[in-house]
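Every number for a ligand or one of its atoms is a count from 1 in the order of the listing. If you're wondering where the values come from, they're calculated on a predicted model, not measured in any experiment. Numbers here are sequence positions counted from 1. As a basis for the values below, the full set of heavy atoms in this structure was taken, side chains included, without hydrogen atoms, waters or symmetry mates.
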Amino acid sequence: MKLYILFILIFIFNSIEAQTDTSIVWLGEIDSTIVTDVRYATTNNFTGKVLYPTAKVYLRKIVAEKLSGANRYLMENYNLRIKIFDGYRPLSVQKEMWKIMPDDRYVANPAKGSRHNRGAAVDVTLIDSLGNELDMGTEYDNFTVKAHPSYKNLPEKVLLNRKLLRDVMIKSGFLPINSEWWHFDFKGWKKFSILDEPVK
Ligand SMILES: [Zn+2]
């Protein structure tokens, strides 16, 4: 078979696979030692509304496994753990967020979809053995330049905490973004399609 035909067939197969794969897993099933704090299941979030009917975090299986790897590494080497604020987010929720915060530096335009809508992004921080969050300089969902990873006018300890989180996440297969210290995309996010399955 000509090589280019083979490439076309692989491309078609991959696209079909991406469109039909709607599987997400409950993170607790993969790693019950990761602490969850799902603000969107409460009114304690930037919208002031309960957006999820559950505080359970769902992700693509491989993404959950990679996050579990990061958590294990932190426990073994630093006696720290991951705390997760958000994972998979249905597209309908993305639309609600966009109505309140139509700024694509902080909320992905639902016309394009967020990597959270693909179950391939996580919002995380670090906690110590007592469950206290490490100081990252701002709260989660702080939509100012102070939350940008490039913002350096912060105490040395904060910069080191951010660097540790970033380094461990990159090492575990995630990519950081420019506007939020807590957000990481799974490196292979493109192969997962946008979903609007409700969380249960
Ligand atoms: Zn995020």
(message) Could you check whether N45 and Y140, counting side-chain N and O atoms only, form a donor-acceptor pair closer than 3.5 Å?
(response)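 No pair is found: no donor N or O on one side chain lies under 3.5 Å from an acceptor on the other.
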(request) State plainly whether the residues D37 and R39 are in salt-bridge range, i.e. N to O under 4.0 Å. (result) yes
(message) Tell me which N, O or S atom from H183 is the closest to the Zn ion (ligand 1).
(response)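 Output for this pair reads ND1.
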(request) Just give me the atom name: the N, O or S atom of D123 closest to the Zn ion (ligand 1). (result) OD1
(request) Could you point out which residue of N142, T138, T125 forms a side-chain hydrogen bond (donor to acceptor under 3.5 Å, both in side chains) with W181? (result)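 That would be T138.
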(message) Any N/O/S atom from E180 (main chain or side chain) under 2.8 Å of the Zn ion (ligand 1)?
(response) no
Residues 172-180 side chain polar contacts: donor-acceptor under 3.5 Å, at least two apart:
| unit_1 | atom_1 | unit_2 | atom_2 | d |
| --- | --- | --- | --- | --- |
| S172 | OG | V168 | O | 2.7 |
| S179 | OG | R105 | O | 2.8 |
| E180 | OE1 | W182 | NE1 | 3.3 |

